[in-house]
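Shown next, in structure tokens, is the structure this report addresses.
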Amino acid sequence: MAAVDAVRNRGDAEPPAATTTELEDRDALSAQVEALGVRGELLVYGDGCRVRRLELPSLEWTGDDASGCGPQGVVSPDGSAVARCAGDVTEVLAAVGGPVAYTVRGCIPAWRPDGTLTFARDNEVVRHGGNVLIPRAQLERAARRHPTVPDIPVRVRALVDGIAWISDTRAAVLLSIRIGGRLDRLGPLSAIAFFENGYATSARPYLGDTGGQLDVSPRGTFVTMTRDVILRRDGSQVSLPPHLREGHAFAWSDNERFLAIATPFAVTIVDVTSLARFDRIGSGLRSVTLPLSVTELAWR
């Protein structure tokens, strides 16, 4: 198992210049967005549940809604339901913003592309109805692939901190790993593990800060975790340039041609093909940086 390059010197580059909610040099920036070939609309979330709609490539604001709080939870693929953690249970709302339809024991909800609700319960990944999709033994098997876990017999616990379904059979799981005995002093370790039909296939140690959001791109080509982890389906990591390694939100275009990354002072739209080239040779990145300070992003 190759090592992940998630440990980086985060002081390598200065962050982008301080920003405002309005766009200066709109015409020049719009021309850059046009040249990049970007189309669509960004939903830009700010403080106080304010959401604004930014048209691409014109960079014109097309809407402003003061009641634009995103749903607290994960939305089903067809948009008809929301699942959210509430203590040690998962509440399922029959509609976005609607009443609770039912609850199930377990937490860390995630939807498969086919609309099946899954969640973590008793250190396993299960589906609504009780069937175990990823058993505890396979989660622990993946955890033992972390390079810090010794080869000698030692007790290992693998707790589920996040689930992202790449397909109906393939999942990425964010694990918090506890090692028993004298190695307990190391504290929890983190890994993003991949599973196919419930069996561990690979695991990538994540050595940065824990607590980021695990997610998958629209076509299942990439798995992401804020701040700076972008993994391919095989678990290999895509490197980001220094100024994009503090992302608190990712948003993909539907065709995965572009990725928008929200950093503390800006939103940068990246051509994904050029990102792959940058990962390979360290240059050639094509992007546009917009001076926007946002709390969350969505692309539609």
Side-chain angles (χ1 to χ4, degrees), residues 69-143 146 155-180 187-195 197-200 203-204 206 208-216 220 223-227 229 231 248-250 295-296:
C69 286
Q72 298 300 305
V74 288
V75 182
S76 62
D78 64 2
S80 65
V82 176
R84 65 189 183 192
C85 273
D88 59 356
V89 302
T90 292
E91 296 179 338
V92 180
L93 284 63
V96 175
V100 175
Y102 60 91
T103 63
V104 293
R105 186 173 66 86
C107 214
I108 318 296
W111 300 90
R112 290 196 319 198
D114 66 1
T116 299
L117 176 63
T118 72
F119 45 89
R121 184 169 65 200
D122 300 330
N123 294 345
E124 296 182 312
V125 176
V126 301
R127 60 176 292 171
H128 180 48
N131 296 344
V132 175
L133 298 176
I134 306 177
R136 182 184 301 110
Q138 289 299 314
L139 293 170
E140 292 177 354
R141 179 185 177 192
H146 194 289
R155 184 172 61 87
V156 172
R157 295 178 64 214
L159 308 181
V160 176
D161 282 349
I163 306 168
W165 287 95
I166 301 166
S167 71
D168 291 338
T169 61
R170 185 166 178 80
V173 179
L174 176 62
L175 298 177
S176 179
I177 304 166
R178 270 73 166 179
I179 307 174
L189 309 172
S190 293
I192 299 174
F194 290 79
F195 299 84
N197 289 314
Y199 290 90
R204 307 288 297 185
Y206 177 64
D209 295 337
T210 58
Q213 177 66 40
L214 187 70
D215 207 347
V216 64
V223 171
T224 63
M225 189 171 109
T226 50
R227 300 177 305 197
V229 175
L231 304 178
H248 59 265
F250 294 135
T295 61
E296 188 57 73

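The figures that follow rest on heavy atoms only: side chains count, while hydrogens, waters and symmetry mates do not.
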| Of V173, D161, T224, L214, which is the lone residue that meets side-chain contact (heavy atoms from CB on, under 4.5 Å) with I192? | L214
| request: Give a yes or no on whether the backbone of A158 and the side-chain of E140 come within a donor-acceptor separation of less than 3.5 Å. | output: no
| Point-to-point distance, once rounded to the nearest 0.5 Å, from CZ of R84 to SG of C107 | 11.5 Å
| remark: The reported gap from CG in L175 to CD1 in I163 (rounded to nearest 0.5 angstrom) is 10.0 Å
| message | Donor-acceptor check, side chain of Q213 to backbone of T226, threshold 3.5 angstrom: yes or no? | response | no
| field | Backbone of R105 reached by a side-chain donor or acceptor of R121 within 3.5 Å | value | yes
| field | From CZ (R157) to CD1 (I177), nearest 0.5 Å | value | 12.5 Å
| Donor-acceptor pair, R136 side chain versus D122 backbone, under 3.5 Å? | yes
| Which atom names give the shortest non-hydrogen contact between I108 and C85, and what distance separates them? | N-SG, 3.0 Å
| said: Checking the side chain of D78 only, and the main-chain atoms of S80 only, is there a donor and an acceptor separated by less than 3.5 Å? | reply: yes
| said: So which atom in L117 and which in A83 form the shortest heavy-atom distance, rounded to 0.1 Å? | reply: CD1-CB, 3.8 Å
| said: Could you check whether any side-chain N or O of D168 sits under 3.5 Å from a backbone N or O of D114, counting only pairs where one atom can act as donor and the other as acceptor? | reply: yes
| request: Indicate yes or no for a side-chain donor-acceptor contact from T169 to the backbone of N197 under 3.5 Å, with no hydrogens or angles considered. | output: no
| query | In Å and rounded to the nearest 0.5 Å, what is the CG to CZ distance from L133 to R112? | reply | 6.0 Å
| Straight-line distance of W165 CH2 to T118 OG1, nearest 0.5 Å | 5.5 Å
| said: How long is the straight-line distance from CD of E124 back to CZ of F119, given to the nearest 0.5 Å? | reply: 11.5 Å
| task | Take F194 and L231, measure what side chain to side chain contact (heavy atoms under 4.5 Å, CB included) needs, and give me the verdict at the end. | result | CA-CA 11 Å; F194 290 79; L231 304 178; 3.9 Å; yes
| Where L93 and G98 come nearest, the two heavy atoms and their spacing | CD2-O, 3.1 Å
| message | I'd like to know if the side chain of T90 and the backbone of G106 have a donor-acceptor N/O pair within less than 3.5 Å. | response | yes
| said: Using only atom types and a distance under 3.5 Å, with no angle test, would you say the side chain of S76 pairs donor to acceptor with the backbone of G115? | reply: no
| Nearest heavy-atom neighbours spanning G220 and I166 | O-CG2, 3.1 Å
| query | Hey, is the main chain of P188 close enough, under 3.5 Å, to the side chain of S176 for a donor-acceptor pair? | reply | no
| note | Correct closest heavy-atom pair for L139 and N123 would be CD1-O, 3.3 Å
| request: Quick one: closest heavy-atom pair of A193 and A142, and the distance? | output: CB-CB, 3.6 Å
